[in-house]
2 protein chains.
Amino acid sequence: MNPEAPFHTNLQPLFQYFETFQNLSSDSKDRMASICSTVQIPKNKDLQSIGHTCRTIYFVRKGLCRVYYYKKGVDITESFALENSLIARVESLFTGKPSKKGIQTLEDSEFIGIASPALFDLYDQFPEIERLFRKIFEAAYVETVHRIENIQFHTAEERYNDLIKNSPDLLQRVPLKHIASYLGITQVSLSRIRAKY
Amino acid sequence: MNPEAPFHTNLQPLFQYFETFQNLSSDSKDRMASICSTVQIPKNKDLQSIGHTCRTIYFVRKGLCRVYYYKKGVDITESFALENSLIARVESLFTGKPSKKGIQTLEDSEFIGIASPALFDLYDQFPEIERLFRKIFEAAYVETVHRIENIQFHTAEERYNDLIKNSPDLLQRVPLKHIASYLGITQVSLSRIRAKY
DNA sequence: AGTCCTTTTTAACATATGTAAAAGGATTCC
DNA sequence: GGAATCCTTTTACATATGTTAAAAAGGACT
């Protein structure tokens, strides 16, 4: 890595992502940069482990990860995050309670971590940063509402076809067992659905 | 109603609700009050109809309502709102797109409507109002995430028992057909579950 | 190539939920 | 009070998904 390059350079994809929601002054960007750090994690390792309180919001710069937890001893995938998206365990981030969920890489990955306590402090000085994250999480909230409709009122087969259409990448990059639990069905059931095609 | 009473008086339960998230200056409260209005709706009427863009956030002061929509011609209840809670069709509120959902009363009800375009304008002048609603919707987001876990990884019977435990009121006040679609099952299936007890 | 380990598929059976139709109860309205 | 309507339950049958176990396929490593 070029030692001359300002740290900003590494954060470029993140700031580009931010701009789709809200423009930031260069002052805000500097302060944001000061609370970000990059981290590299090999495949199949935990980025955040189960039981710890979520104090970092991650931006996926390279690779792929999933949020997972155990329900009655069974490994369940709650969500995936591909490049150029944010991931956090919001139920812990917003409540301050320890999370029952972990984040695990599914490929060698690179993240930009945003320290959330520092971020929440910045909200006081920079309303535009607070607004940025308000908008980011509002959009995430809307996605979650759509996901409920999708889960509750479509069959597993319809949901699988949706996934193929909307995230064909995932099918190539993620073991089917994780896809199955993400869809809310067993591996066996997913296999049966796939056998139809 | 006492004509001497300031309009504030009517809004007391709403401001009390706000305080559980964020305190407001009296200036902010005055401005909030200026964008609120009360509305009374008889039982089984639409408060907001399908197809219109959501531009009002409602606080239920009295009564009970549900958000519903049609999926393949079948009436589906997405959520209920009891007294002292907010209800909005967030997928429309935050995107500006027409909503496929409506809000219907299930009893004679009384609401406080908050005009959302005016609210979003207030955000610029009053960061504490923006913060208040950020926190409100963050909490709603967390609830929605929990709901997904509940739907996806519990059987209909477990979800029904959860509902009895957590919202026994609903069972008394809402027709079972709405409960059934809220739980993601048919009336017949709910009837079978109930027959076990 | 061969072994080990993980992932995916297949099979057989059990269970839960859906669909359609009918009957019984409850409520509303005149 | 009676008719009409809506709500809930029941029945019978169809289908989807779960469970368990075993086989097959694929990857990783020596």
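Note on naming: letters A, B, ... go to the chains in the order of the sequence lines (proteins, then strands), and numbering restarts at 1 for each one.
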Apply salt bridge (charged side-chain N to carboxylate O under 4.0 Å, His left out) to [X] and list each qualifying residue two or more places apart in sequence or on a separate chain.
X	answer
B/Arg159	none
A/Asp124	B/Arg131
B/Lys196	B/Glu157

Only counting residues at least two apart or in another chain, list the ones meeting side chain to side chain contact (heavy atoms under 4.5 Å, CB included) with A/Thr144.
->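 Per chain and number, A/Thr144 pairs via side chain to side chain contact (heavy atoms under 4.5 Å, CB included) with B/Tyr141, B/Thr144, B/Val145, B/Ile148.
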Angle of first-five versus last-five pair axes in the helix from C/dA1-D/dT30 to C/dC30-D/dG1, to 10 degrees | 50°
With sequence neighbours excluded, tell me which residues meet ring pair (Phe, Tyr, Trp, His ring centres under 6.0 Å) with B/Tyr160.
->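 Counting only residues at least two positions away or on another chain, B/Tyr160 forms no ring pair (Phe, Tyr, Trp, His ring centres under 6.0 Å).
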Inter-residue atom distance B/Ile179.CD1 - B/Arg194.CZ, 0.5 Å rounding | 9.0 Å
Would you tabulate the side-chain donor-acceptor contacts of residues 106-117 of chain A under 3.5 Å, counting partners in other chains and residues two or more places apart, or write 'none'?
{"from": "A/Glu107", "atom 1": "OE1", "to": "A/Arg173", "atom 2": "NH2", "distance (Å)": "2.9"}
{"from": "A/Glu107", "atom 1": "OE2", "to": "A/Arg173", "atom 2": "NE", "distance (Å)": "2.7"}
{"from": "A/Asp108", "atom 1": "OD1", "to": "A/Lys43", "atom 2": "N", "distance (Å)": "2.7"}
{"from": "A/Ser109", "atom 1": "OG", "to": "A/Leu64", "atom 2": "N", "distance (Å)": "3.1"}
{"from": "A/Ser109", "atom 1": "OG", "to": "A/Leu64", "atom 2": "O", "distance (Å)": "3.4"}
{"from": "A/Ser109", "atom 1": "OG", "to": "A/Glu107", "atom 2": "O", "distance (Å)": "2.7"}
{"from": "A/Glu110", "atom 1": "OE1", "to": "A/Gln40", "atom 2": "NE2", "distance (Å)": "3.4"}
{"from": "A/Glu110", "atom 1": "OE2", "to": "A/Arg61", "atom 2": "NE", "distance (Å)": "3.1"}
{"from": "A/Glu110", "atom 1": "OE2", "to": "A/Arg61", "atom 2": "NH2", "distance (Å)": "2.0"}
{"from": "A/Ser116", "atom 1": "OG", "to": "A/Arg55", "atom 2": "O", "distance (Å)": "3.1"}

Could you check if a side-chain atom of A/Phe137 sits within less than 4.5 angstrom of a side-chain atom of A/Leu93, using non-hydrogen atoms only?
->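 SC-SC contact between A/Phe137 and A/Leu93 confirmed.
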Nucleotides 23-30 of chain C: protein proximity per nucleotide (B base, S sugar-phosphate only, - neither; heavy atom, under 4.0 Å) | --------
Go through the structure and list residues passing side-chain hydrogen bond (donor to acceptor under 3.5 Å, both in side chains) with A/Asp75, not counting sequence neighbours.
->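 With neighbours one apart ignored, the set is A/Arg66.
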B/Arg134 vs B/Glu138, salt bridge (Lys or Arg N to Asp or Glu O under 4.0 Å): CA-CA, chis, key distance, verdict | CA-CA 6 Å; B/Arg134 171 175 67 77; B/Glu138 281 175 0; 3.0 Å; yes
Of residues 166-182 of chain A, the positions that come close to DNA chain C - non-hydrogen atoms, cut-off under 4.0 Å |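 Residues of residues 166-182 of chain A under 4.0 Å from DNA chain C: A/Pro175, A/Leu176, A/Lys177.
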Closest non-hydrogen contact found for B/Tyr58 with B/Gln48 is OH-NE2, 3.0 Å
Hey, what are the protein-to-nucleotides 14-19 of chain D N/O distances that come in under 3.5 Å?
{"from": "D/dT17", "atom 1": "OP1", "to": "A/Ala156", "atom 2": "N", "distance (Å)": "3.2"}
{"from": "D/dG18", "atom 1": "OP2", "to": "A/Thr186", "atom 2": "N", "distance (Å)": "3.2"}
{"from": "D/dG18", "atom 1": "OP2", "to": "A/Thr186", "atom 2": "OG1", "distance (Å)": "3.1"}
{"from": "D/dG18", "atom 1": "OP2", "to": "A/Ser189", "atom 2": "OG", "distance (Å)": "3.2"}
{"from": "D/dG18", "atom 1": "N7", "to": "A/Arg192", "atom 2": "NH2", "distance (Å)": "2.8"}
{"from": "D/dG18", "atom 1": "O6", "to": "A/Arg192", "atom 2": "NH1", "distance (Å)": "3.1"}

Would you mind listing every salt bridge (Lys or Arg N to Asp or Glu O under 4.0 Å) that reaches into residues 84-104 of chain B, with sequence neighbours excluded?
-> A/Glu149-B/Lys101, B/Glu78-B/Lys101, B/Glu91-B/Lys101
So, is B/Arg194 near the phosphate of D/dT9, with a side-chain N or O under 4.0 Å from OP1 or OP2?
->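 Affirmative; the distance criterion is met.
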